[in-house]
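These numbers come from the heavy atoms of this one structure, side chains and all, not from hydrogens, waters or symmetry mates. Residue numbers begin at 1 in each chain, while the letters A, B, ... track the order of the sequences. Values in this document were obtained by computation on a predicted structure and should not be read as measured data.
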2 protein chains.
Amino acid sequence: MIETHYNCPCLETCPLSRSMDLIGGKWKMQIICTLNNGGPTRYNELKRRMDGVSNTVLARALRELESVGLVERREYMEVPVRVEYSTTEACDALIPILDQLSEWYEAYEAER
Amino acid sequence: MIETHYNCPCLETCPLSRSMDLIGGKWKMQIICTLNNGGPTRYNELKRRMDGVSNTVLARALRELESVGLVERREYMEVPVRVEYSTTEACDALIPILDQLSEWYEAYEAER
DNA sequence: CGGTATCCTCGCCGATACTG
DNA sequence: CAGTATCGGCGAGGATACCG
């Protein structure tokens, strides 16, 4: 019998790892949840709701999420300027999966 | 109209964040995938299949996964000693969700 | 209001050597 | 074989000040 290599598919191209590259950071899931719950949200309002995040970090995470198409940034030419962030369709498709992950954790914790 | 606070549920007790505490590190999902694909696996065999992980890091991740009940460690009193790692039931319940996350990524990537 | 610029810290990750 | 001990770097995360 020839020794087969059951190498983990989670190497360079693993879609699971790639997913985590997109939503893995410390705040990204929280941003997604907040935008999903509250709809389009202005920058400072988002920051208030996320209690504890700094400007540097929140702005960076938002830019990254926007650059990969998970969050949409809309700038309204008012004075003072108004900027609203919201989830994209690609992001919305992710929500049910995150919900299941939450449910899994609740069940996991209940049995411990 | 009273201003309601749609504060993100993803604060201290958010099950989503707690899930990530369990499986978030750099290698943990890969360990889970490998054990799920290959069944009970010995330490060095696991290390080989995970191509690139060091002893320090793999052993640490395995201990953490074991301590939270996602991975089981079985030590057989042979000479030389044989140790096999496998997924627990709680971990198995997670697999379908991770599969969905992978599928989401494939769809996401296809549309970009 | 909605950020950027700058600097810093801390802990994850890892290489290497060693051991029961 | 299956790890632990030790040390180090490096980058995500963050505090603070400032800007268009």
Q | Aromatic ring pairing Tyr105(A)/Tyr108(A), orientation class (parallel under 30°, perpendicular over 60°, tilted between) | A | tilted

Q: Shoot me the first and last contacting nucleotide of DNA chain D against chain B, ordered 5' to 3', at under 4.0 angstrom to non-hydrogen atoms.
A: dC1(D) to dT6(D)

Q: Identify, between Asn55(A) and Arg82(B), the residue whose nearest nucleotide on DNA chain D lies closer to the 5' end.
A: Arg82(B)

Q.
Does dG2(C) have OP1 or OP2 under 4.0 Å away from a side-chain N or O of Arg42(A)?
A. yes

Q. Which part of the nucleic acid, if any, lies within reach of Val57(B) when heavy atoms closer than 4.0 Å are counted: base, sugar-phosphate only, or nothing?
A. base

**Q.** CA sep, side-chain torsions, deciding dist, call: Lys28(A), Glu64(A), salt bridge (Lys or Arg N to Asp or Glu O under 4.0 Å)
**A.** CA-CA 9 Å; Lys28(A) 288 179 181 173; Glu64(A) 288 171 6; 2.6 Å; yes

Q | Value in whole Å for how far the C1' atom of dA15(C) lies from NZ of Lys26(B) | A | 13 Å

Q) Quick one: Leu62(B) CG to dG14(C) P, roughly how many Å, whole number? A) 14 Å

Q) Between dG3(C) atom P and Glu75(A) atom CD, what is the distance in whole Å? A) 7 Å

(Q) How many whole angstroms separate atom CZ of Arg60(B) from atom P of dC13(C)? (A) 8 Å

Q. Rounded to whole angstrom units, what separation is found between the CZ atom of Arg48(A) and the C1' atom of dC1(C)?
A. 14 Å

Q) Which one, dG2(C), dT16(C), dG3(C), comes nearest to the side chain of Thr56(B)? A) dT16(C)

Q.
What I'd like to find out is whether the side chain of Thr41(B) reaches to under 4.5 Å of the side chain of Tyr85(B), using heavy atoms alone.
A. no

**Q.** Length of the CD-P vector between Glu45(A) and dG3(C), whole Å
**A.** 14 Å

Q) Val81(B) versus Glu75(B): any side-chain heavy-atom pair under 4.5 Å? A) yes

Q. To the nearest angstrom, how far is Arg63(A) atom CZ from dG3(C) atom P?
A. 9 Å

Q. Heavy-atom count around Glu111(A) CD within 6.0 Å, excluding the residue itself: above 12?
A. no

Q: Verify the contact: side-chain N or O of Tyr85(A) to OP1 or OP2 of dG3(C), cut-off strictly under 4.0 Å; return yes or no.
A: yes

Q. Heavy atoms, side chains only, cut-off 4.5 Å: are Met50(A) and Thr34(A) in contact?
A. yes

(Q) Can you measure Leu46(A) atom CG to dG2(C) atom C1' for me and round it to whole angstrom units? (A) 12 Å

Q) Sub-3.5 Å donor-acceptor pair from the side chain of Asn36(B) to the main-chain atoms of Ile32(B), do we have one? A) no

Q) When the nearest nucleotide of DNA chain C is assigned to Val81(A) and to Gly52(B) on a heavy-atom basis, which residue is associated with the more 5' position? A) Val81(A)

